[in-house]
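Note sheet for the following structure.
A note on names: the letters A, B, ... follow the listed sequences, proteins ahead of strands, and every chain is numbered from 1.
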There are 2 protein chains.
Amino acid sequence: MGKVTLQDVAKAAGVSTATASWAINDNKNVRIPENTRRKVRNVAERLGYHSNAFARSLARGKSDLIGFISDGVATSPFAGRVIQGAQDEAWRNGKILLVVDTDGNATIERKAFSFMLEHQVEGIIYSSWVHRAITPPDELERTTSVLVNCFDESGRFPAVVPNEVQGGQSATELLLQAGHRRVAFVNEPTASPASVGRLEGYRQALAAHGLAYDPAMVVDATADQEGGYGAADAVLKTGATAVFCHNDRTAMGLYDALRERGLRVPDDLSIVGFDNQEVISAHLHPALTTVGLPQYDLGVLGVRSLLTLDKAPDVDYDGNETDRVEDSKPHCFEPLLVNCPSVMRDSIRTYRG
Amino acid sequence: MGKVTLQDVAKAAGVSTATASWAINDNKNVRIPENTRRKVRNVAERLGYHSNAFARSLARGKSDLIGFISDGVATSPFAGRVIQGAQDEAWRNGKILLVVDTDGNATIERKAFSFMLEHQVEGIIYSSWVHRAITPPDELERTTSVLVNCFDESGRFPAVVPNEVQGGQSATELLLQAGHRRVAFVNEPTASPASVGRLEGYRQALAAHGLAYDPAMVVDATADQEGGYGAADAVLKTGATAVFCHNDRTAMGLYDALRERGLRVPDDLSIVGFDNQEVISAHLHPALTTVGLPQYDLGVLGVRSLLTLDKAPDVDYDGNETDRVEDSKPHCFEPLLVNCPSVMRDSIRTYRG
DNA sequence: GTGAAAGCGCTAACAT
DNA sequence: ATGTTAGCGCTTTCAC
């Protein structure tokens, strides 16, 4: 019952523990004859041998573990996919993820760090539920770390975040492409990477089509159903034929309000959302065209960055390797921007004149 | 950099490693004077010492790790709370959770088991995204395991599942309590713990109010928005004044269809949902009264069961401890039913005559 | 190609 | 009360 050791296997197979170890681990430095190898493996199988990860890591001095700390992704309705992506990519590299959700609790976070450090993680992915700037906890310095869906303004750590500007661009573009010229934007009033990024994207899209940016066309609303619901009149007053909503929830609220006024989507108003929060967007009537957040990719790229960082020696400007010097000028990392994909559904109608 | 060992600390503090170990771990068997203890701890702090979990576990022979395998909870829009509950409860007991989401992939699952076994987990929580009967993988036998949100019909493993019957009961009761007498039930047509359980609860509630069960009052619909949307006419035809929907998504679809017919909730029809999928239920117009799934509790009780199981010696019918005999008759576990809480919002209207 | 043996960092007897 | 030391199970030189 889990008590079978390598020694047991070696003994039963009539070889030394060293040989057994090599036979099982496909060691490259030593060439074990195929038949010894097979024999050892069979014995191991028969005995129900499972290597003891602790002993292995202790001996090797490394763990194959990657820490993943989040402030609530696991509970968030859609961001579990970040973890999924991270897990998949970790697995692909023979690593596995140690996930702790701190739920934003500082005590838990403290403990989580200790835990990860004690478990010799090869690095830590620190992720936020909502895309935002953070001041990274000092513990992150103790190991290689990368930020996911959040970033450090001082660039001390590499970060992977969604490209909000491109996302806002794409969303607006969808409407413009369909011929609309009066496009409103229901945006979240509080400043955040999402609100400022998407607004910027909206403006860029307009500009690209030779349209002037009119502040009167952007209406403030909290980023949820209630916000969208309450924004209906303001939107209507702009005389827009199409609206880009800050997110799918906002769009859902707007749908409701519109329906109450006897207006129909997309006949009376074309709508595009953001987030591609499936439970909502895929099932509204009509289904909502939207722009998705690249959660899965965020996770994948997070661990990928971590892994490459880990290997990469410091390199000087001529491309020569340099020794890492304690007090050398620290890297200043530029966040890696991940594109937000458009998801076409049925809430946009072609507009002619 | 993470290279500080207990020995280093001991040396720096001028004590033996044993003393250092005791000083740091609050060992109960040995009484270390306050000042030595403090000294050791200060040195540890100063040196940035972090105990090596692998060495510790190796030496102790146990890991403080609990495995959590899920077939997709992490991605599911709402079941991350199961993990959260499990994690919290684990933490409360000084254990931590090793989470792997297999996404239903058998290969990953196989690997996940190996991984957990190798990491000497003290037990495994095996959980399903949707409440269902499963045939548990044999690997579960290799350690103490408990099933969460799923169960083994043969009762080989303890299981923790939502009480669907009580949930269906409560949902119906909410409507009955409000005076409704013609209550329809939009149910999922495929047999599942949820569909049969909730139907049973519906019938019990009716019976408790002296109402006859009329099969004509239950209409089939897939458990999503489209199902609810399409069920509207059938529901209306029953002449019901209130409907219990299989879940919130169904309710959302029904809302849409009703609105298109100029009908209003709850004035023309009272509705109660199921799942309390917040993104939807809390933000519909009007907000949906529903019955929640006890996800968090499922997680908590899952690890709690695991932990108590682990300690509990086998006990015979007289309550005497007995040695665990390999081929003794296995326990037959009855699933632990966790209640589903009602969530009152605005979709029910009192009905008078 | 294979075995012997020295650790990896920590805990827990056992000594003192 | 504190130090010594023998492992925990595995990897990995280093001999043979």
Under 3.5 Å, is there a donor-acceptor pair between the B:Y126 and B:E109 side chains?
yes
Among the nucleotides D:dC14, C:dG9, D:dG3, whichever has the atom closest to the side chain of A:W22 is D:dC14
Whole-Å distance separating the CZ atom of B:R60 from the P atom of D:dG9
15 Å
Which nucleotide in C:dG9, D:dG9, D:dT2 has an atom nearest any side-chain atom of B:A55
C:dG9
Between B:L6 (CG) and D:dG3 (C1'), how many Å, whole number?
14 Å
Expressed as a whole number of angstroms, how long is the span from A:R56:CZ to D:dC8:C1'?
15 Å
Are B:E139 and B:R142 within salt-bridge range, i.e. N to O under 4.0 Å?
no
Does OP1 or OP2 of D:dG9 have a side-chain N or O of A:S51 closer than 4.0 Å?
no
Please round to the nearest 0.5 Å and tell me the distance separating atom NE2 of A:H50 and atom CE of B:M116.
12.5 Å
Can you tell me how far C1' of C:dC10 sits from NE2 of B:H50, to the nearest Å?
16 Å
As a test of reading the structure: which of C:dC10, D:dT2, D:dC10 is closest to the side chain of A:T5, going by heavy atoms?
D:dC10
The residue among A:V121, A:V160, A:I125 that forms side chain to side chain contact (heavy atoms under 4.5 Å, CB included) with A:L306 is A:I125
Which heavy atom of A:L47 sits nearest a heavy atom of A:A12, and at what distance?
CD2-CB, 4.1 Å
Mind checking A:S57 for me? I need base, sugar-phosphate or nothing, with any heavy atom below 4.0 Å counting as a touch.
nothing
Specify the residue among A:T19 and B:T17 whose closest nucleotide of DNA chain D lies further upstream toward the 5′ end.
B:T17
Side-chain N or O of B:S16 less than 4.0 angstrom from OP1 or OP2 on D:dT4?
no
So if I take every side-chain heavy atom of A:S21 and compare against D:dT11, C:dT11, C:dG3, which nucleotide ends up nearest?
D:dT11
Round to the nearest Å and state the distance from A:K39 atom NZ to C:dG1 atom P.
16 Å
Residue A:A18, side-chain heavy atoms: nucleotide from C:dA5, D:dC8, D:dG3 that is nearest
C:dA5
Nearest to the side chain of A:A59 - D:dC10, C:dG3, D:dG3?
D:dC10
What is the separation between atom CD on B:E118 and atom P on D:dC10, rounded to the nearest whole Å?
10 Å
Whole Å only: how far is the CG atom of B:N52 from the C1' atom of C:dG7?
14 Å
Given C:dT11, C:dT2, C:dG3, the nucleotide with the shortest approach to the side chain of B:N25
C:dT11
Which of these nucleotides, D:dG9, C:dT2, D:dG3, is closest to any side-chain atom of A:L58?
D:dG9
Can you tell me the distance, in whole Å, between the CZ atom of B:F54 and the P atom of C:dT11?
14 Å
